[in-house]
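These notes are about the structure you will find just below.
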Amino acid sequence: ESADKRRYTAELTIRDMNCNVLGTITKEGEVEGRTSCEIAQMELAEYRQWEETAFVTINVTMDDGCKLSDIETLLPFKYLNLPKPQINVSVEEAEDEYRITLQSDCFAPYVEMDFDDADVIFEDNYFSLTDGKPYTVTFKKDDILNGEFKNAEDVQKRLKQRQLLR
């Protein structure tokens with residue numbers, strides 16, 4: 001959201017449930033301030049055979065570095081053939097925060113993180129793992145609202161994560 005005209009790069013990628021790229025398009029352009037408009041379009045008819053096993057990632061990078069992302073599926077989630085992901089989790093402790101890195105072997109939509117016995121403010125606690133690459137989420141030590149952690153190992157042991165399954 002800006003009052004000024006801004007440049008963007010948009011990338012739409014269709015992937016299978018194992019995060020393999022089936023197709024991608026990239027568009028660059030400019031958008032007027034305080035407006036919304038169509039910035040990219042992808043023809044999906046040729047991917048109809050993949051409709052139960054494919055999803056589209058949308059990533060937009062603005063000229064100021066702001067990044068926006070979303071996912072879409074060709075069918076409603078209840079009709080998808082979602083595999084059960086194996087999500088590897090590691091935790092690192094820094095001076096003022098904990099860094100949680102997750103990596104999935106396949107598409108993992110709507111991952112949620114939580115603790116049964118602590119309340120923290122995650123940088124991002126609902127997200128989708130879409131490309132097989134590590135995704136890192138942090139929480140500041142000052143943002144531990146209830147409970148406490150001894151170290152990164154304690155965080156990792158107590159961390160609960162869930163995701164959408166069919």
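Contact record, Pro109 with Ser128: CA-OG, 3.5 Å, taken as the closest heavy-atom pair. Scanning both residues, Tyr98 and Lys150, for their nearest heavy atoms gives OH-C, 4.3 Å. What you find for Glu51 and Leu80 is that their closest heavy atoms are O-CD2, 3.6 Å.
A salt bridge is absent between Glu93 and Arg99; no separation between the charged side-chain nitrogens and carboxylate oxygens falls under 4.0 Å. With respect to the salt-bridge test (charged N to carboxylate O, under 4.0 angstrom), the residues Asp116 and Arg158 do not qualify.
Remark: Thr9 OG1 to Glu28 CD distance equals 4.0 Å, nearest 0.5 Å.
Panel note: side chain Asn81, backbone Glu52; no donor-acceptor pair is recorded below 3.5 Å. Judged by distance alone, the side chain of Glu11 and the main-chain N or O of Lys27 form no donor-acceptor pair under 3.5 Å. The backbone N or O of Lys133 sits less than 3.5 Å from a side-chain atom of Asp131, completing a donor-acceptor pair. Put simply, the side chain of Gln156 gets close to the backbone of Val89: a donor and an acceptor are under 3.5 Å apart.
Hydrophobic clustering (ILVMFWY, side-chain heavy atoms < 4.5 Å, transitive): Phe149 and Val137 are in one cluster. The hydrophobic clustering, which links ILVMFWY residues whose side-chain heavy atoms are closer than 4.5 Å, places Ile71 and Leu44 apart. No single ILVMFWY cluster, assembled from side-chain heavy atoms under 4.5 Å apart, contains both Met113 and Ile121.
Shown are Ile87, Thr101, Ile100, Asp124; of these, the side-chain contact (heavy atoms from CB on, under 4.5 Å) with Tyr135 is made only by Asp124.
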Would you mind writing out the side-chain donor-acceptor pairs for residues 55-64 within the sub-3.5 Å range, not counting sequence neighbours?
| residue | atom | partner | partner atom | Å |
| --- | --- | --- | --- | --- |
| Asp63 | OD2 | Arg7 | N | 3.1 |
| Asp64 | OD1 | Arg6 | NH2 | 2.7 |
| Asp64 | OD1 | Cys66 | N | 3.0 |
| Asp64 | OD2 | Arg6 | NH2 | 2.9 |

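Ring orientation note: the planes of Phe139 and Phe122 are nearly perpendicular, at an angle over 60° on the 30°/60° scale.
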Q) Should Glu112 and Lys160 be marked as a salt bridge (Lys or Arg N to Asp or Glu O under 4.0 Å) after you check the CA-CA gap, both sets of side-chain angles, and the distance that decides it? A) CA-CA 8 Å; Glu112 173 195 24; Lys160 305 288 184 206; over 6 Å; no
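Residues Phe127 and Tyr110 place their aromatic rings such that the two centres sit no closer than 6.0 Å.
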